[in-house]
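Here the structure is laid out as structure tokens; the discussion comes afterwards.
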Amino acid sequence: MLKKGLLAGLATMFVLSTGVFLTSCANGSSDDSDYIAPVNEASDNSRTTPAIHLYSVDADLSCWISAMGGQEFGKPVYKGITIVKDSDGSYSAVLSLGKGKGNIYGIEFDAFIDSRISVPGFYNAEGKVVNAEFLVSKDDTASAAENPYYNQEAEEVHYVTAMKIPVSESVSEYTLWLYVNSNIMGCQFGDGKGDASSNEPGKESKFTGKLTIDWATLKAADVTLPEFANIKSIYGNSYTFGKAGHALTINSDKSVTYSMGMAGSYAGTWTADTLDENKNIADFNFAFTKKDGAEIARPMEMSWKIRVLSDDNIELINTTRNTTTLAKKVTL
């Protein structure tokens, strides 16, 4: 009871006095089996990713806050990086992430990246946040504090263990969009141009998340990487999106259902001009021929590019309107 009360007191004191999430620079490690193996280390649940070249490189993740004389939050959650050169000559970086132990006034806690509300991402050349492909732990969890802003109870969370972003040899610094949480409180990191305080995932704050790559240290490596989600992983799942609670279910037998809430439920078929189920993105064409079980005179046709981010998150991209909608898998 004393420890729980002290934790609550610390959280309240920090929110009132600084409005930010404090952590120590102490590094910690995760026992999770989904941890990505750094170069020259094996991982039981991983496989070799088909690519032209895999590289190791020196890099650093900084998630800095200025409170208490300055605290570095990136080091506890950052575990390593692998550079991947794909068959088309493009590069991507796979960041290995996990839990990291910190200490505030003798109270130890685990920091981690939380994707429940704020999907991890990166800033593109136009300064826009782009959702990243990512993985979360399957067996291991981290303790998240109660969040009064979002009516979230204190609970165990499957945390982010990896994320993949595009990179270029001509660029050394990348701005990342990460919500780092703990059993005390959390903070959103981005380009530092916002004014959000602690415990506000998905809102721009004054705190920056920076990945720095030293390309001069690039060297070939023998490394295994985990398998990110692909198009095959969405079959048979239902995904909700939009304020109206729309839901989309795509099946491997080419059937599809689309619930539009009060506007009814539609059923039909889908096609794809070119479909590589092992990739994470594809163009889908839908033809809905039934509404609420009854045939309709003229099929309702829709086209979406679907991008798979993780086992639980996809993007619905409307290329005509140039809009992107995040959809989350319904967990029964």
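With hydrogens and angles disregarded, a donor-acceptor distance shorter than 3.5 Å links the side chain of Asn237 to the backbone of Ser233. When atom types are taken as modelled, the side chain of Asn251 and the backbone of Lys254 share no donor-acceptor pair closer than 3.5 angstrom. Here the side chain of Arg307 pairs a donor or acceptor atom with the backbone of Asn131 at under 3.5 angstrom. Between the Asn183 side chain and the Ala145 main chain, no donor and acceptor come within less than 3.5 Å of each other. Under a 3.5 Å cut-off, the side chain of Glu72 and the backbone N or O of Gly74 do form a donor-acceptor pair. Judged by distance alone, the side chain of Asn318 and the main-chain N or O of Asn322 form no donor-acceptor pair under 3.5 Å.
Atom-to-atom distance recorded for Trp177:CH2 and Thr208:OG1 is 12.5 Å, nearest 0.5 angstrom. Ile165 contributes atom CD1, which lies 7.0 Å from atom OH of Tyr174 (distance to the nearest 0.5 angstrom). Taking OG1 of Thr161 as the start and NZ of Lys79 as the end, the distance is 11.5 Å to the nearest 0.5 Å. With rounding to the nearest 0.5 Å, the separation of CD in Glu146 from CD1 in Ile184 is 14.0 Å. For the atom pair Asn147 CG and Ile117 CD1, the distance stands at 6.5 Å (nearest 0.5 Å). Distance OH/Tyr239 to CG/Asp312: 7.5 Å, rounded to 0.5 Å.
Listed here is the closest heavy atom pair of Ala144 and Asn181: CB-ND2, 3.8 Å. The two atoms that bring Gly190 and Thr175 nearest to each other are O-CG2, 3.5 Å, heavy atoms only. Counting all heavy atoms, side chain and backbone alike, Asp214 lies closest to Thr217 at O-OG1, 2.7 Å. Tyr78 approaches Leu95 most closely through the heavy-atom pair CE1-CG, 4.5 Å. Nearest heavy atoms, Leu178 versus Cys63: CD1-SG, 4.3 Å. Residue Ser115 comes nearest to Pro120 through the heavy atom pair CB-CD, 3.8 Å, listed as atom of the first residue, atom of the second, then distance.
Side-chain contact of Ser90 with Asp86: a donor-acceptor pair under 3.5 Å is absent, judged by distance alone. Side-chain atoms of Glu315 and Thr325 include no donor-acceptor pair closer than 3.5 Å. Donor-acceptor pairing under 3.5 Å is recorded for the side chains of Lys232 and Asn278. With hydrogens and angles left out, the side-chain atoms of Gln188 and Ser118 include a donor and acceptor closer than 3.5 Å. If you check the side chains of Glu200 and Tyr179, you find no donor sitting under 3.5 Å from an acceptor. When only modelled atom types and interatomic distance are considered, Ser303 and Asn285 share a side-chain donor-acceptor pair under 3.5 Å. For the 3.5 Å distance criterion, the side chains of Glu133 and Ser310 fail to qualify, holding no donor opposite an acceptor.
A 4.5 Å side-chain heavy-atom check between Trp270 and Phe286 finds at least one atom pair inside the cut-off. Put simply, the side chain of Phe112 reaches to within 4.5 Å of the side chain of Val157, judged on heavy atoms. With contacts defined as side-chain heavy-atom distances shorter than 4.5 Å, the pair Ile317/Ile306 does not qualify. Counting heavy atoms from C-beta outward, Leu225 and Thr82 have side chains that approach closer than 4.5 Å. Side-chain atoms of Ile231 and Phe284, non-hydrogen and from C-beta on, do get closer than 4.5 Å to each other. With contacts defined as side-chain heavy-atom distances shorter than 4.5 Å, the pair Lys291/Ser265 does not qualify. Two residues are said to be in side-chain contact when any heavy atoms from C-beta on lie closer than 4.5 Å; Trp64 and Phe189 fail this criterion. Put simply, the side chain of Pro166 does not reach to within 4.5 Å of the side chain of Tyr91, judged on heavy atoms.
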**Message:** Using side-chain contact (heavy atoms from CB on, under 4.5 Å), reason through Glu295 and Thr289 one step at a time and then give a plain yes or no.
**Reply:** CA-CA 6 Å; Glu295 297 285 345; Thr289 56; 4.2 Å; yes
| side-chain contact (heavy atoms from CB on, under 4.5 Å) between Leu309 and Phe134, worked out | CA-CA 6 Å; Leu309 303 177; Phe134 66 98; 4.1 Å; yes
Give the intermediate values and the outcome of salt bridge (Lys or Arg N to Asp or Glu O under 4.0 Å) for residues Lys203 and Asp195.
CA-CA 8 Å; Lys203 294 186 178 181; Asp195 56 8; over 6 Å; no
Q. For Val84 and Ser92, what are the C-alpha separation, side-chain angles and deciding distance, and is it a side-chain contact (heavy atoms from CB on, under 4.5 Å)?
A. CA-CA 5 Å; Val84 181; Ser92 61; 3.6 Å; yes
*Test log, rule side-chain contact (heavy atoms from CB on, under 4.5 Å), inputs Val119 and Asn313*: CA-CA 9 Å; Val119 170; Asn313 298 268; 4.1 Å; yes
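Relative to the ring axis of Tyr266, Lys290 does not place its NZ or CZ within 45° and under 6.0 Å from the centre.
Note on Leu211: it clusters hydrophobically with Val130, by side-chain heavy-atom contacts below 4.5 Å among ILVMFWY residues. Put simply, Val256 and Val330 are part of two different groups of oily side chains (I, L, V, M, F, W, Y) that touch within less than 4.5 Å, one to the next. A continuous path of hydrophobic side-chain contacts links Phe288 to Leu316 [ILVMFWY only; heavy atoms under 4.5 Å]. Taking hydrophobic clusters as Ile, Leu, Val, Met, Phe, Trp and Tyr residues chained together by side-chain heavy-atom distances below 4.5 Å, Trp215 shares a cluster with Val171. The hydrophobic cluster containing Phe228 does not contain Ile234, counting ILVMFWY residues as joined when their side-chain heavy atoms lie under 4.5 angstrom apart, directly or transitively.
Residues Asp60 and Lys210 are not paired through a salt bridge, judged by the lack of any N-O separation under 4.0 Å between the basic side chain and the carboxylate. Lys85 and Glu169 are not joined by a salt bridge, as no carboxylate oxygen comes within less than 4.0 angstrom of a charged side-chain nitrogen.
Close placement of the Trp304 and Tyr258 rings is indicated, their centers lying within 6.0 Å of each other.
More than 12 heavy atoms of other shown residues, nucleotides or ligands fall within 6.0 angstrom of atom CG in Asp253.
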